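Since we're looking at a predicted model, the values are computed, not measured.
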Amino acid sequence: MTTSDTPAARTEGVWKIFQQEAESVQAVRGVSLTIERGEFTALAGPSGSGKTTLLNLIGGLTRPTRGQVWVAGHEVSSMSSQQVARLRLREVGFVFQAYNLLPVLTALENAEFPMLLQGVDVAERHARVRELFQRTGMEGLEDRRPGKLSGGQQQRVAVLRAVASRPALVLADEPTANLDSATSEALLDVMAELNRDLGVTFVFATHDGRVMERCRRLVRMVDGAVGEDERRT
């Protein structure tokens with residue numbers, strides 16, 4: 001049973017090995033990690049360090065070769081694909097580098113989309129999303145389609161989409177990679193506020209020093225393994 005004390009996510013001895021022609025690539029090697037609720041954590045490292053693969057394992061986007069993954073107390077690695085998809089819809093929000101907004105939907109409709117799939121009542125969807133738009137300085141942009149929004153505004157909509165359904169955790173893969181310095185800082189302000197005021201759990205895969213600086217926990221990945229796990233006050 002899931003309670004507020006249940007970790008948002010946990011991995012135990014997780015390995016991910018990719019077979020490339022005649023060569024095996026150990027992308028993640030024996031990682032055991034617990035993400036408590038309310039954390040603001042960065043998985044940091046250069047390209048090829050395993051940070052994005054570990055993020056995808058935590059989010060159930062890929063299955064481990066060995067080891068176990070739990071999300072909100074549910075053991076993901078033993079689930080069927082359909083069960084994992086349902087769990088992801090309920091418990092995991094995603095923010096991608098490329099925004100991944102639906103161009104035919106307005107900003108508000110994009111933010112509501114996961115809740116639509118969950119069957120949340122339309123009035124409840126509107127109320128949650130409009131409150132988030134107000135909270136994050138996006139009020140007045142609800143009816144714009146992605147093509148009429150700046151890159152920073154599109155990424156804010158992607159963050160609100162990830163948060164609005166109230167998942168156990170939000171996984172953000174290089175969310176600042178396509179943004180300039182000022183826009184990145186503004187986006188990080190939004191996510192830090194959502195973490196602080198609403199208790200949203202964020203885990204980033206990043207090599208951006210600005211993200212690493214803002215996170216209260218920094219997990220440095222080296223060749224697929226955890227090299228350092230630093231907690232800050």
Side-chain angles (χ1 to χ4, degrees), residues 8-9 35 37-47 51-52 54-56 58-59 61 92-103 105-115 128-221 232:
I35 305 294
R37 291 177 189 263
E39 285 196 15
F40 202 64
T41 294
L43 307 176
S47 178
K51 61 186 185 299
T52 294
L54 181 56
L55 200 77
N56 290 341
I58 292 170
L61 295 176
V92 186
F94 292 96
V95 181
F96 300 99
Q97 180 178 333
Y99 319 142
N100 288 6
L101 301 180
L102 296 169
L105 300 184
T106 65
L108 183 138
E109 289 166 342
N110 266 287
E112 285 187 344
F113 194 65
M115 289 188 290
R128 286 194 206 177
V129 169
R130 288 190 184 281
E131 193 272 333
L132 286 169
F133 270 71
Q134 290 170 2
R135 177 183 286 276
T136 56
M138 291 288 286
E139 193 174 11
L141 301 177
E142 291 92 340
D143 294 329
R144 291 195 190 181
R145 287 186 167 79
K148 298 296 184 182
L149 297 172
S150 70
Q153 289 168 340
Q154 289 186 64
Q155 194 63 303
R156 284 195 192 201
V157 173
V159 170
L160 299 190
R161 177 183 59 190
V163 167
S165 58
R166 299 175 181 168
L169 75 162
V170 173
L171 304 177
D173 189 10
E174 300 285 7
T176 58
N178 293 332
L179 306 177
D180 62 35
S181 180
T183 307
S184 294
E185 291 289 356
L187 181 72
L188 288 167
D189 285 342
V190 166
M191 291 191 280
E193 180 184 332
L194 292 168
N195 170 260
R196 182 183 65 247
D197 294 349
L198 302 183
V200 179
T201 306
F202 282 95
V203 182
F204 302 87
T206 188
H207 65 270
D208 186 337
R210 291 166 298 203
V211 179
M212 297 183 220
E213 214 171 83
R214 300 285 285 271
C215 285
R216 295 193 303 276
R217 183 182 180 188
L218 184 61
V219 179
R220 293 190 183 274
M221 300 289 295
R232 303 156 175 172

So, does [X] use its side chain to make a donor-acceptor pair with the main chain of [Y] at under 3.5 Å?
{"X": "T106", "Y": "E109", "result": "yes"}
{"X": "N178", "Y": "Q97", "result": "yes"}
{"X": "N56", "Y": "L61", "result": "no"}
{"X": "E142", "Y": "G140", "result": "yes"}
{"X": "Q155", "Y": "P175", "result": "yes"}
{"X": "N195", "Y": "G38", "result": "yes"}

query: Does the pair V203 and E39 meet the rule for a side-chain contact (heavy atoms from CB on, under 4.5 Å), with working shown?
result: CA-CA 8 Å; V203 182; E39 285 196 15; over 6 Å; no

Are K51 and T206 side-chain neighbours, meaning at least one heavy-atom pair lies under 4.5 Å?
-> no

Next item on the list: Report yes if the side chains of V163 and F202 come closer than 4.5 Å at any heavy-atom pair, otherwise no.
Entry: yes

Show the numbers, then the answer: is there a side-chain contact (heavy atoms from CB on, under 4.5 Å) between E112 and R128? CA-CA 9 Å; E112 285 187 344; R128 286 194 206 177; over 6 Å; no

Which heavy atom in [X] sits nearest to a heavy atom in [Y], and how many Å separate them?
{"X": "A9", "Y": "I58", "value": "CB-CG2, 3.7 Å"}
{"X": "T136", "Y": "R156", "value": "O-NH1, 2.5 Å"}
{"X": "R232", "Y": "L218", "value": "NH2-CD2, 3.3 Å"}
{"X": "P146", "Y": "L101", "value": "CG-CB, 3.8 Å"}
{"X": "R145", "Y": "P103", "value": "CD-O, 3.6 Å"}
{"X": "L194", "Y": "R135", "value": "CD2-CD, 3.9 Å"}

Tested for side-chain contact (heavy atoms from CB on, under 4.5 Å) against V159, the lone hit among V200, L187, L132 is L187

Do R214 and E185 meet the salt-bridge criterion of a basic N to acidic O distance under 4.0 Å? yes

When you compare the side chains of N100 and R161, does any donor N or O come within less than 3.5 Å of an acceptor on the partner? no

**OP:** Apply side-chain contact (heavy atoms from CB on, under 4.5 Å) to M138 and Q153, showing your working.
**Re:** CA-CA 8 Å; M138 291 288 286; Q153 289 168 340; 4.1 Å; yes

One should read off an interatomic distance between F40 CZ and R196 CZ, to the nearest 0.5 angstrom, of 10.0 Å

Is atom CD of E213 surrounded by more than 12 heavy atoms (other residues, nucleotides or ligands) closer than 6.0 Å? no

Take atom CZ in F113; do more than 12 heavy atoms of anything else shown fall under 6.0 Å from it? no

- Message: Pair V129, M115 - check side-chain contact (heavy atoms from CB on, under 4.5 Å), show working.
- Response: CA-CA 10 Å; V129 169; M115 289 188 290; 3.6 Å; yes

